[in-house]
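Down below is the structure, laid out as C-alpha cells.
Every heavy atom of this structure was used, including side-chain atoms; hydrogens, water molecules and symmetry mates were not. Read the numbers this way: they start at 1 and go in the same order the structure lists the ligands and their atoms.
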Amino acid sequence: MWTLAGLGWRRGRALATPATRAARRGLLGPRPTLACPTATGCRDPGRRYSSAGRKEKIDMSRFPVENIRNFSIIAHVDHGKSTLADRLLELTGTIDKTKNNKQVLDKLQVERERGITVKAQTASLFYNWEGKQYLLNLIDTPGHVDFSYEVSRSLSACQGVLLVVDANEGIQAQTVANFFLAFEAQLSVIPVINKIDLKNADPERVEKQIEKVFDISSDECIKISAKLGTNVESVLQAVIKRIPSPKAYRKNPLRALVFDSTFDQYRGVIANVALFDGAVSKGDKIVSAHTQKTYEVNEVGVLNPNEQPTHKLYAGQVGYLIAGMKDVSEAQIGDTLYLHKQPVEPMPGFKSAKPMVFAGMYPVDQSEYNNLKSAVEKLTLNDSSVTVHRDNSLALGAGWRLGFLGLLHMEVFNQRLEQEHNASVILTTPTVPYKAVLSSTKLIKEYREKEITIINPAQFPDKSKVVEYLEPVVLGTIITPDEYTGKIMMLCQARRAVQKNMMFIDQNRVMLKYLFPLNEIVVDFYDSLKSLSSGYASFDYEDAGYQTAELVKMDILLNGNIVEELVTVVHKDKAHTVGKAICERLKDSLPRQLFEIAIQAAIGSKIIARETVKAYRKNVLAKCYGGDITRKMKLLKRQAEGKKKLRKVGNVEVPKDAFIKVLRTQSDK
Ligand SMILES: Nc1nc2c(ncn2[C@@H]2O[C@H](COP(=O)(O)OP(=O)(O)OP(=O)(O)O)[C@@H](O)[C@H]2O)c(=O)[nH]1
C-alpha cells in the first residue's frame with residue numbers, strides 16, 4: 001500500500017499498465033476474456049480481463065464467508081516469513097515465479113536494504129482447492145520487538161497464524177513472544193518448520209521444542225523449505241483445513257475495523273479494513289465511530305498484493321477503503337466504521353502504541369527547519385506510532401522530541417527521513433519515559449496532575465518536590481545455548497535486572513526471564529548479549545509497567561555553568577560511570593581556549609566526575625608576518641564568523657560539533 005514518492009520499487013511496478021502486467025503474466029490471449037487458466041494454484045478465479053486488457057473489478061460476492069481464511073505469518077526475525085509469503089503468492093498465481101520476486105511484501109526501501117519487515121502488509125490470495133474457490137487473506141508481519149505493535153494489530157483481523165520456526169536455530173525469543181500474542185488472541189496456530197534444506201537443519205529437535213514450550217503436538221508441525229518451495233502447498237491446505245472461517249454476518253449493517261492505515265499524498269488516507277458485518281461499496285456514506293465524521297466512500301478493494309478495486313467488500317473479507325480522509329488521525333487504527341444512520345456497537349479497538357524511547361531531533365542546519373518539519377509530518381502520517389513534541393535547544397536550535405517504540409524503530413524512522421525525504425538530522429541520546437509522583441502543591445497545580453511523565457531530562461523535578469520517582473520496566477526473554485548462561489546472567493545483573501524464571505527448552509538450550517529497567521537495555525544491551533554469546537542468544541521484551549527507582553538528575557557543568565542540553569537522568573548507582581563517560585567525551589571534543597576549562601558532572605551540588613581542558617592561546621595572526629592589513633582583517637573576519645557557530649556557556653565557547661559528538665546516539669557513531 002506504500003505509494004509515496006521515493007519508493008522506487010513500488011513505483012516501478014505501479015507504472016506498468018494493466019495491459020502490460022497482464023501480458024507479462026501471459027493472461028492476454030486471443031479470446032476476449034479470460035478466467036482462471038488452471039484448476040489448482042489458480043491464478044485468480046475472481047479476476048477477468050477485458051479485450052482491451054483492462055483489469056475488471058473483482059466480484060467479491062463469489063467468496064462466501066465459509067470460503068474465507070484470514071491468517072498471519074509470525075516468527076522470529078529472519079526465520080523466513082517474507083520468503084514463505086513470496087512462495088504463497090506464487091503458488092496462488094498472485095505474482096509470477098521469477099527470481100526477482102524476493103520479499104514482495106517488504107515494499108519499503110529500508111525493509112529491502114535491511115532485509116527486515118517493518119510494516120505489516122496484506123495480500124488477498126485466490127486459491128482453488130477440491131473444487132472450491134477460496135479467498136485467503138495473508139498478513140505478513142514484522143519480527144522485531146520494536147514492531148510487535150504491528151503484529152498484535154494485524155492479529156485482530158485474523159483467525160489463525162502460521163508460526164514459522166527456523167529448522168536450524170529453533171525457537172527464539174520472538175517466536176515465544178509472537179506465539180503468546182496469537183495464543184492470547186485465541187487464534188489457531190499452525191507451526192511451520194522452515195529451512196529444512198539447510199545442512200544443519202534439525203526439524204525433529206525443533207518439533208520437540210514446540211511440543212515442550214507451546215504444548216503443540218509434533219504431528220501438527222509442517223516441515224518446509226520456503227526457499228526451495230518444498231511442501232509449501234501443504235501449508236495452504238492446512239490454512240484451509242485448520243483455520244476457521246471468520247464469524248461474519250452479511251445481513252447485519254456494516255461494521256468494519258480499521259486495523260492499519262497509510263497516507264497517499266494524492267488519494268489521502270488508505271484504511272486497511274476487516275469487515276465483521278455487512279458490506280461496503282463505492283458511494284456509501286460511512287461514519288467513523290471515533291471522530292463521528294461522515295465520509296463518502298470513493299473506492300474499495302483488495303490488496304493483490306497491490307491495490308485492486310472491487311465492486312464491494314463483504315463481511316469476513318479484508319481489504320482497503322478510500323473515503324476522502326485527509327489525515328491518518330482521521331482513520332485511527334482500531335476505529336470502527338459504520339454506515340450513515342446505521343450506528344453499530346464499535347469494536348473493542350486497540351491500546352494506542354506506547355513510545356518506549358524519546359530523543360531530540362534537530363536539523364543539521366537551522367535553515368532546513370521547515371523542510372524537516374514537513375518531512376517529519378509526512379512520515380508520521382504513515383507511522384502513527386511516533387509521537388512528536390516541539391523542543392528547543394540553545395545549541396541546536398528549534399527541533400522536536402520524538403517518541404519511538406524502540407531503538408530500531410528510531411533508526412528506521414531516521415533512515416526513512418533521509419531516503420524518502422532527503423533530510424539530514426541530529427538525533428540526541430535516547431531516554432526512556434520516567435515518572436515522578438509529585439509532593440509539591442505548586443507543581444501539582446502547574447501540571448494539573450500528581451503523577452507526571454518526564455520525556456525530557458531537563459524537566460526532571462527536584463527530589464525535594466517528589467514523593468518518588470518511577471522507571472519503566474520490561475519483562476525480557478532470552479534464549480541461549482546453555483554454555484553462555486553464566487556470562488549472560490552476569491550481564492543481566494550488571495544491568496540491574498531481576499531473574500524471574502529459567503527453563504531448559506531442550507538438552508542444551510535455556511530460556512531465561514528477567515525483569516529489566518528499560519533504560520538498561522535500550523541502547524546497547526542487545527549488542528552486548530550478541531557478542532557474549534557469539535551471536536547465538538536472542539532477546540525479546542514486553543512492557544511490564546513501572547517500578548520505584550532511585551533516580552538522580554545529573555548536570556554537566558563547564559566552568560561552573562550548567563549545560564542544559566547535556567542534563568541526563570540516571571540511576572544513582574550508575575551516575576559516576578555515566579558522568580565520567582560524558583566528561584571524557586566532552587573533553588575530547590572541546591577545542592582548547594585561552595583559559596582552562598573545568599568539565600564536571602554533578603548531582604545537585606556534589607561533583608561526581610571531572611576533566612580539565614588546558615588553556616591554549618590561539619593567535620590567528622601568528623603566521624602573518626609583515627604588515628598586510630587586508631590579509632589580517634580577512635583572518636579576523638573569518639574567526640568572527642566561526643564564532644557564530646559557537647554556543648557560549650558562561651565564558652566557554654562550545655562549537656556545535658562538540659554537542660553533536662556528545663549527544664549523538666551510539667548507533668550513529
Ligand atoms: N536455506 C534457506 N533459507 C531460507 C529459507 N527461507 C528463508 N530463507 C532465507 O532466510 C533469510 C531471511 O528470510 P526472510 O523471509 O526475509 O525472513 P523474515 O522472517 O521475513 O525476516 P524479518 O522480516 O526480518 O522478520 C533470507 O536470506 C532467506 O533467503 C529456506 O527455506 N531455506
Side-chain angles (χ1 to χ4, degrees), residues 2 9 71-91 95 97-123 138-155 161-179 181-182 190-203 206-207 221-236 260 305 405-409 411-412 415-416 479 526 530 535 538-540:
W2 293 87
W9 178 85
F71 70 104
S72 196
I73 308 182
I74 56 175
H76 185 77
V77 175
D78 278 353
H79 279 197
K81 290 181 299 294
S82 304
T83 310
L84 174 59
D86 288 347
R87 292 299 87 75
L88 297 180
L89 291 172
E90 283 172 9
L91 210 65
I95 56 168
K97 216 174 186 170
T98 78
K99 281 190 182 146
N100 297 333
N101 277 333
K102 277 197 184 140
Q103 295 171 308
V104 170
L105 294 181
D106 284 345
K107 295 177 184 181
L108 300 176
Q109 187 181 348
V110 41
E111 291 180 317
R112 304 196 136 240
E113 278 176 13
R114 288 179 177 241
I116 56 165
T117 306
V118 166
K119 189 95 188 105
Q121 297 290 346
T122 311
L138 150 66
I139 304 178
D140 184 26
T141 60
H144 193 278
V145 55
D146 281 16
F147 308 104
S148 62
Y149 181 63
E150 289 275 327
V151 180
S152 52
R153 255 177 13 205
S154 310
L155 296 188
V161 293
L162 299 175
L163 178 71
V164 176
V165 188
D166 183 308
N168 173 30
E169 290 192 357
I171 290 181
Q172 296 293 325
Q174 275 126 44
T175 321
V176 178
N178 285 328
F179 167 81
L181 285 178
I190 302 175
V192 176
I193 301 177
N194 186 30
K195 308 197 187 181
I196 55 167
D197 60 295
L198 286 177
K199 209 169 86 210
N200 297 328
D202 188 350
V206 180
E207 268 179 354
C221 298
I222 304 174
K223 295 173 207 155
I224 66 160
S225 163
K227 190 171 176 182
L228 306 181
T230 319
N231 209 18
V232 174
E233 189 124 19
S234 62
V235 174
L236 274 181
D260 199 1
L405 303 177
L407 213 61
L408 178 64
H409 185 209
E411 280 174 25
V412 164
Q415 193 175 338
R416 290 186 66 192
I479 293 186
Y526 189 61
K530 281 273 165 195
S538 64
F539 177 62
D540 195 287

Report task. Output the list of atoms in ligand 1 that are nearer than 4.0 Å to some heavy atom of Val77, sorted by atom number. Result -> 24 (O), 25 (O)
**Report entry** Per-atom contacts of ligand 1 with Leu198, taking only distances under 4.0 Å to non-hydrogen atoms
**Finding:** 1 (N)
Among [options], closest by any non-hydrogen atom to [atom]:
{"atom": "atom 32 (N) of ligand 1", "options": "Asp197, Ile193, Asp86", "value": "Asp197"}
{"atom": "atom 29 (O) of ligand 1", "options": "Thr83, Val232, Leu84", "value": "Thr83"}
{"atom": "atom 20 (O) of ligand 1", "options": "Gly80, Ser82, Ala201", "value": "Ser82"}

Query - Euclidean distance, Ser72 OG relative to Leu138 CG, rounded to 0.5 Å - result: 7.5 Å
Query raised in the report: If you round to the nearest 0.5 Å, how far is OG1 of Thr83 from NZ of Lys195?
Result: 7.5 Å
Query raised in the report: For ligand 1, is any non-hydrogen atom under 4.0 Å from Lys81's backbone (N, CA, C, O), its side chain (CB onward), both, or neither?
Result: both
**Report entry** Side chain to side chain, Asp166 and Asp78, heavy atoms closer than 4.5 Å
**Finding:** no
Query - Test salt bridge (charged side-chain N to carboxylate O under 4.0 Å, His left out) applied to Glu207 - qualifying residues, sequence neighbours left out - result: Lys223
Requested in this report: With sequence neighbours left out, write down each residue that passes side-chain hydrogen bond (donor to acceptor under 3.5 Å, both in side chains) with Thr230, or none if nothing qualifies.
Outcome: none
